[in-house]
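Just below is one structure, and these are the notes that go with it.
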Amino acid sequence: MNRDWIATARTLSEALPYMQRYSGAVVVVKFGGNAMGDDEAMAEFARDIVLMRQVGIHPVVVHGGGPMINELLGKLGIESRFVRGKRVTTRETVEVVEMVLSGLVNKRIVQAINDAGGRAVGISGKDDDLMVCEADDPELGFVGRPVEMNVQIIRDLYNAGLIPVIAPVATGMEDNETFNVNGDTAAGAIAGALKADRLLLLTDVSGVKDASGEVLTQMHPDQVRAMIADGTIAGGMIPKTETALKAVEEGVRAVVILDGRVPNASLLELFTEHGAGSLIRSTEPRVKPRGLRQGGSGL
């Protein structure tokens with residue numbers, strides 16, 4: 001028999017305990033970066049999400065769309081301005097952000113999942129007042145910080161066998177108020193409100209690295225805080241790890257920061273012994289890890 005077929009069958013057999021472990025679990029996946037503009041990468045991501053749903057997981061997709069926003073703003077002649085690495089969102093800009101995220105990007109992901117055989121429904125943080133925000137920083141304009149979460153609509157969707165795909169656009173406390181929300185922040189808030197089993201933050205690095213540049217496969221919140229304080233965690237990894245800490249505090253069992261450029265990254269994390277990326281959680285696993293750490297069975 002073909003060795004590749006045998007290897008595929010063995011892989012599926014070895015994944016069985018992890019599939020059983022996650023059956024019925026809620027897994028929030030933050031999708032973004034360059035993969036969103038690549039048809040092949042988008043299709044691969046969609047297949048992974050459909051496979052999760054097929055084996056009994058309730059995947060919830062939250063996406064970004066920064067590059068697409070920049071592209072359309074450029075075409076419209078609207079200058080993008082950033083403060084401390086965050087986009088300044090004016091009343092004019094937030095309309096473009098909503099068009100891109102809730103329209104173009106959201107529906108591309110929905111279509112990719114449906115093309116892969118799933119049943120996806122696209123919504124934004126505005127639907128059913130899912131995510132209500134207030135201004136995060138006056139300098140940033142209409143950039144929101146979630147202050148009220150109403151996630152029943154998400155539960156209704158996944159309990160009906162549907163895959164929610166959520167654009168990080170939110171309503172405000174005032175009438176006709178719209179906020180742009182950082183994709184990681186939105187994913188963390190949604191995962192926390194759902195008390196999700198896992199939050200997977202797909203990024204463009206292999207995980208959280210120590211002072212020597214090695215990826216840390218498993219971390220405790222106190223360790224993360226110490227590394228932020230001493231500068232080991234710096235730059236764009238700070239907001240991601242802060243999102244992870246807040247999500248864990250709000251009841252998410254574990255957060256994983258992993259490289260979304262790796263083929264089938266989410267499946268590697270959930271369904272293989274060693275997992276992928278850096279896992280952050282507040283409690284020790286009930287199963288003693290073998291090797292680096294157990295991805296699917298790190299309970």
Side-chain angles (χ1 to χ4, degrees), residues 22-32 49 52-53 56-65 98 101-102 105-106 109-110 113 120-136 142-174 177-203 221 224 239-258 266 269-270 279-283 299:
Y22 281 106
S23 181
V26 176
V27 176
V28 178
V29 185
K30 161 56 184 7
F31 181 53
I49 295 297
M52 288 184 204
R53 179 63 215 180
I57 293 173
H58 298 304
V60 177
V61 178
V62 182
H63 64 83
E98 185 169 18
L101 294 179
S102 296
V105 177
N106 187 272
I109 298 172
V110 166
I113 292 173
V121 173
I123 62 175
S124 79
K126 282 187 169 183
D127 290 288
D128 200 29
D129 283 341
L130 163 60
M131 189 160 48
V132 181
C133 289
E134 62 184 15
D136 187 38
F142 291 91
V143 173
R145 178 178 68 254
V147 293
E148 181 181 321
M149 302 296 297
N150 304 292
V151 294
Q152 187 58 46
I153 186 174
I154 299 176
R155 296 192 183 101
D156 290 344
L157 289 170
Y158 66 60
N159 285 332
L162 301 168
I163 299 170
V165 179
I166 304 166
V169 177
T171 188
M173 303 298 287
E174 304 296 330
E177 196 172 36
T178 299
F179 282 100
N180 174 24
V181 185
N182 174 273
D184 289 338
T185 300
I190 289 167
L194 290 170
K195 309 300 182 192
D197 194 87
R198 286 290 185 273
L199 167 60
L200 307 183
L201 296 175
L202 302 185
T203 183
V224 175
K240 290 188 183 299
T241 50
E242 288 178 340
T243 291
L245 293 177
K246 192 170 190 301
V248 169
E249 288 172 0
E250 291 178 351
V252 177
R253 294 189 68 179
V255 181
V256 186
I257 300 173
L258 64 162
S266 298
E269 169 56 33
L270 296 175
L279 182 144
I280 300 169
R281 67 171 146 215
S282 59
T283 57
L299 300 181

inquiry  = Do N180 and L101 make a side-chain contact, defined as non-hydrogen atoms from C-beta onward lying under 4.5 Å apart?
reply    =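 A side-chain contact exists here, since the closest heavy-atom pair is under 4.5 Å.
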Once you round to the nearest 0.5 Å, how far does [atom1] of [X] lie from [atom2] of [Y]?
X    : Y    : atom1 : atom2 : result
I257 : K240 : CD1   : NZ    : 7.5 Å
D127 : I166 : CG    : CD1   : 9.5 Å
H58  : L194 : NE2   : CG    : 11.0 Å
L201 : L258 : CG    : CG    : 8.0 Å
E98  : K126 : CD    : NZ    : 3.5 Å

query = Under the side-chain hydrogen bond (donor to acceptor under 3.5 Å, both in side chains) test, which residues partner T203, sequence neighbours left out?
reply = none
key: side-chain hydrogen bond (donor to acceptor under 3.5 Å, both in side chains) involving K246 - partner list, sequence neighbours excluded   = E250
Might you point out which heavy atoms bring [X] and [Y] nearest each other, and give the distance in Å?
X    : Y    : answer
V28  : A187 : CG1-O, 4.0 Å
P146 : M131 : CG-SD, 3.9 Å
S102 : V169 : OG-CG2, 3.9 Å

Can you give the donor-acceptor pairs under 3.5 Å from side chains of residues 153-163 to other protein atoms, not counting sequence neighbours?
unit_1, atom_1, unit_2, atom_2, d
D156, OD1, Q152, NE2, 2.9
N159, ND2, R155, O, 3.1

query = Hey, does the side chain of D129 reach the backbone of T171 with a donor-acceptor pair shorter than 3.5 angstrom?
reply = no
